[in-house]
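The next block holds one structure in the form of structure tokens; read it before the comments.
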Amino acid sequence: MWIEVTPSFPEKLRPSLETHVRQCLPFECAGLIVISEGRTWAMALPIMASAMGFAVEPSAWIEMLTSLHRRGIEIWATYHSHPGGQLRPSGRDDALRWTSKRLLLLAPFGEQIAIAQYEWTAPSDHRSS
């Protein structure tokens, strides 16, 4: 399950994340925040999108993840937008945990873009003994 945490993404990425959201409206945007040799950047994903979801061609996912791995580039988080303003993960967002245990959700609110950060925790980690 996704648990909301205090945002800890590099603030210097905020302008590029906000620009990506605005460029894709009224559809969702999606990408990765990656790290290599102390450098962090946002990388847009090649997606097919609507206002309610997005998809990445499976062969494109495999090629991209293989390339990042070969180059020693770490995926710090996935991100995507919810153009309708919802800052809570949807059921479809659960699949993103396979790429990264961190998720940033971005939602436009007027001229502002709100960002919420979540981390994946197995449901068994929250059961009472």
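Because only heavy atoms are used, hydrogens play no part in the values below, and waters and symmetry mates are left out as well, while side chains stay in.
- Closest of all the heavy-atom pairs between Ala77 and Ser100 is CA-OG, 3.3 Å.
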**Q.** Verdict with reasoning, Asp93 to Arg88, per side chain to side chain contact (heavy atoms under 4.5 Å, CB included)
**A.** CA-CA 9 Å; Asp93 293 337; Arg88 308 253 345 125; over 6 Å; no

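- By the neighbour-count criterion of 12 heavy atoms within 6.0 Å, atom CD of Glu11 is densely surrounded, having more than that number from other residues, nucleotides or ligands.
- Atom OG1 of Thr40 is separated from atom CD1 of Ile73 by 11.5 Å, given to the nearest 0.5 angstrom.
- Under a 3.5 Å cut-off, the side chain of Thr121 and the backbone N or O of Met1 do not form any donor-acceptor pair.
- The heavy-atom pair separating Trp2 from Tyr118 by the smallest distance is CE3-CB, 3.8 Å.
- Smallest separation of non-hydrogen atoms from Leu13 and Ala42: CD2-N, 3.9 Å.
- Proximity of Cys29 to Ser81: side-chain heavy atoms (C-beta onward) are separated by under 4.5 Å at one or more points.
- Neither Ile3 nor Leu104 shares a network with the other; the hydrophobic side chains, linked directly or stepwise wherever heavy atoms of I, L, V, M, F, W or Y lie under 4.5 Å apart, form separate groups for each.
- Applying the 6.0 Å contact sphere to CE of Met52 captures no more than 12 heavy atoms from other residues, nucleotides or ligands.
- Around atom CD of Glu63, no more than 12 heavy atoms belonging to other residues, nucleotides or ligands sit under 6.0 Å away.
- When the options Leu68, Ile33, Ile35 are evaluated for a side-chain contact (heavy atoms from CB on, under 4.5 Å) with Ile75, the one that passes is Leu68.
- Closest of all the heavy-atom pairs between Met48 and Glu57 is CE-N, 4.3 Å.
- Side-chain atoms of His80 and Leu96, non-hydrogen and from C-beta on, do get closer than 4.5 Å to each other.
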Q. Stepwise, does the side chain to side chain contact (heavy atoms under 4.5 Å, CB included) test hold for Trp61 with Thr99?
A. CA-CA 10 Å; Trp61 259 126; Thr99 306; 3.7 Å; yes

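- In terms of hydrophobic clustering, with Ile, Leu, Val, Met, Phe, Trp and Tyr side chains grouped at heavy-atom distances under 4.5 Å, Leu32 and Leu103 are assigned to a common cluster.
- Taken to the nearest 0.5 Å, the CZ atom of Phe109 stands 4.5 Å off from the CG atom of Leu87.
- How far CG of Leu105 is from CD1 of Ile115: 10.0 Å, rounded to the nearest 0.5 Å.
- Nearest heavy-atom pair, Lys101 versus Arg97, reported as atom, atom and distance to 0.1 Å: NZ-O, 3.6 Å.
- With hydrogens and angles ignored, the 3.5 Å screen pairs a side-chain donor or acceptor of Gln117 with a backbone N or O of Ser8.
- Note on Trp120: it does not cluster hydrophobically with Phe9, by side-chain heavy-atom contacts below 4.5 Å among ILVMFWY residues.
- Of all the heavy atoms in Leu45 and Gly31, the pair that sits closest is CG-CA, 3.6 Å.
- For the pair Phe54 and Arg92, the minimum side-chain heavy-atom distance is 4.5 Å or more.
- A perpendicular orientation is assigned to the rings of His20 and Tyr79, their planes being inclined by more than 60° (bins at 30° and 60°).
- Between Phe27 atom CZ and Ile47 atom CD1 the span is 10.0 Å, to the nearest 0.5 Å.
- Of the inter-residue distances, the one linking Glu18 atom CD with Glu111 atom CD reads 11.0 Å to the nearest 0.5 angstrom.
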